[in-house]
Amino acid sequence: MRTNTKYIDIYTQIKYDIESGKYPINEKLPQGRILADQFNVSELTITKAINLLVQEGYIVRRRGSGSFVKNFRNSTITKFSPLTGSTALHEGEVTSTIIGFSTEAPTQYIADKLSVDKESLVYKIIRLRTIKNVPSIIEYTWMPLEIIPGLTTKELETSIYRYIHKTLNLTIKSAHIKVAGVRPSILEKAYLKLKDTDFLMQTEQIGYLDDGRIFEFSIASHIPSEFAFETVLIANEHD
């Protein structure tokens with residue numbers, strides 16, 4: 001029998017709402033019964049979701065007052081949040097430099113990752129992400145034009161995820177992620193000011209919309225001092 005993990009879905013949604021600014025820092029969250037009605041679950045399920053957010057530093061409980069959004073951006077470590085992106089986590093502290101932006105037919109490898117055919121057109125995007133004036137991430141991103149139309153340099157220099165959510169009215173639901181330590185490439189050494197003996201934390205991500213379509217395949221190389229990865233592990237119950 002599978003454990004009920006509905007609270008994980010709720011935790012993920014509220015975390016997204018916090019990171020995207022729907023619930024601003026220091027704002028009080030709706031009461032548990034209101035959230036329970038919103039998500040059509042019990043208040044106990046809401047409490048379990050809120051407990052996770054408290055543990056991760058997104059929410060603080062104030063006795064007699066309720067639950068409030070904590071200033072989660074105060075951390076000196078960059079939290080990797082695949083469903084919102086770096087811009088939402090570090091509003092006003094992230095700048096993007098476009099290294100490459102083109103439309104092309106994908107290689108077989110990229111086509112397989114995006115579940116498209118080789119005749120489809122995809123965006124190929126390479127960006128340097130600078131956080132608090134520190135060159136921190138090189139991102140390589142491929143997106144199908146059919147799913148994410150109309151991208152311009154304006155979105156690349158600000159937030160692609162915000163464009164997807166606000167302009168295209170699409171909902172980013174989940175991501176499959178692989179994390180590994182790697183040596184920097186020639187390009188990464190140049191932009192991140194690294195040596196041959198340095199290493200990077202590299203994430204490989206396939207992003208999914210709520211309708212199951214793949215909207216993104218990306219590879220992001222992070223300097224270790226500005227990288228932290230968080231996840232939640234759920235155990236299954238067996239008969």
Side-chain angles (χ1 to χ4, degrees), residues 15-16 18-21 25 56-58 71-104 106-107 109-110 113-114 122-143 148 151-166 172 175-207 215-231:
K15 181 176 178 179
Y16 175 84
I18 291 172
E19 292 179 345
S20 63
I25 291 170
E56 291 194 358
Y58 283 88
N71 189 353
F72 59 92
R73 298 191 179 102
N74 276 342
S75 173
T76 58
I77 296 296
T78 300
K79 293 181 178 179
F80 173 65
S81 186
L83 300 185
T84 58
S86 299
T87 300
L89 280 173
H90 303 275
E91 191 70 47
E93 299 177 330
V94 177
T95 58
S96 298
T97 301
I98 302 171
I99 300 172
F101 180 34
S102 60
T103 301
E104 60 187 38
T107 63
Y109 176 75
I110 298 299
K113 291 292 184 179
L114 293 173
V122 302
Y123 297 111
K124 180 180 179 181
I125 304 161
I126 306 176
R127 295 188 295 175
L128 167 66
R129 307 284 266 173
T130 301
I131 302 172
K132 297 180 181 178
N133 297 316
V134 177
S136 300
I137 310 167
I138 298 288
E139 294 179 348
Y140 311 84
T141 305
W142 294 264
M143 292 180 167
I148 311 295
L151 270 183
T152 69
T153 56
K154 176 184 177 181
E155 288 76 45
L156 271 59
E157 290 171 345
T158 52
S159 172
I160 297 175
Y161 278 24
R162 183 180 297 147
Y163 171 76
I164 292 171
H165 180 61
K166 298 292 187 180
I172 298 169
H176 180 271
I177 304 159
K178 180 172 70 175
V179 182
V182 299
R183 294 295 184 189
S185 66
I186 293 174
L187 182 146
E188 291 159 355
K189 283 187 289 185
Y191 281 93
L192 299 177
K193 300 179 174 63
L194 301 175
K195 301 176 182 178
D196 288 337
T197 52
D198 291 324
F199 73 96
L200 297 166
M201 296 306 298
Q202 188 175 88
T203 60
E204 183 178 300
Q205 172 179 311
I206 297 175
F215 75 93
E216 171 192 54
F217 171 62
S218 67
I219 299 171
S221 297
H222 305 245
I223 60 174
S225 61
E226 292 290 333
F227 178 84
F229 181 77
E230 297 180 356
T231 189

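Only a predicted model underlies this, so the values are computations on that prediction, with no experimental measurement involved.
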With heavy-atom distances below 4.5 Å as the criterion, would you say the side chains of R127 and I160 are in contact? yes
Closest heavy-atom contact between D198 and P184? O-CD, 3.0 Å
Heavy-atom closest pair, residues I177 and V179: CG2-CG2, 4.0 Å
Any non-hydrogen side-chain atom of M143 less than 4.5 Å from a side-chain atom of I164? yes
Distance in Å, L187 CG paired with L194 CG, rounded so as to fall on 0.5 Å steps: 11.0 Å
For a quick test of reading the model, state the closest non-hydrogen atom pair linking A220 to H222 and the distance between them. O-CD2, 3.4 Å
Gap between atom OH of Y123 and atom CD1 of I148 - 0.5 Å precision: 8.5 Å
Quick one: list whatever passes side-chain contact (heavy atoms from CB on, under 4.5 Å) with F199, sequence neighbours left out. R183, M201, P224
Listed partners of S185 passing side-chain hydrogen bond (donor to acceptor under 3.5 Å, both in side chains), at least two apart: E188
Intermediate values then yes/no, side chain to side chain contact (heavy atoms under 4.5 Å, CB included), I137 and L128: CA-CA 6 Å; I137 310 167; L128 167 66; over 6 Å; no
Enclosure of K189 NZ (heavy-atom neighbours >12, cutoff 6.0 Å): yes
Contact check, side chains of S136 and R129, non-hydrogen atoms, under 4.5 Å: no
Mind running side chain to side chain contact (heavy atoms under 4.5 Å, CB included) on I98 and I125 for me, showing each step along the way? CA-CA 8 Å; I98 302 171; I125 304 161; 5.7 Å; no
Does the side chain of K154 come within less than 4.5 Å of Y163's, by heavy atoms? no
In the structure I gave you, are the side-chain heavy atoms of E139 and S218 within less than 4.5 Å of one another anywhere? no
Look at the side chain of Y191 and the backbone N and O of I138, then say whether any donor-acceptor pair between them is shorter than 3.5 Å. no
Can you tell me how far CD1 of I223 sits from CD1 of I131, rounded to the nearest 0.5 angstrom? 8.0 Å
Student check: side-chain heavy atoms of H165 and I172 closer than 4.5 Å: no
Mind checking side-chain contact (heavy atoms from CB on, under 4.5 Å) for K166 and listing every partner two or more places apart, or none if nothing turns up? R162
Any idea how W142 and F217 line up, ring-wise: parallel (<30°), tilted (30 to 60°), or perpendicular (>60°)? parallel
CG/N133 to OG1/T95 distance, rounded to the nearest 0.5 angstrom? 7.0 Å
Tell me the closest heavy-atom pair linking V122 and P106, and the distance in Å. CG2-CB, 4.1 Å
With distance as the sole criterion, is a donor-acceptor pair present between the side chains of S221 and Q202 under 3.5 Å? yes
Atom CG of D196 and atom CD1 of I186: how far apart are they, to the nearest 0.5 Å? 9.0 Å
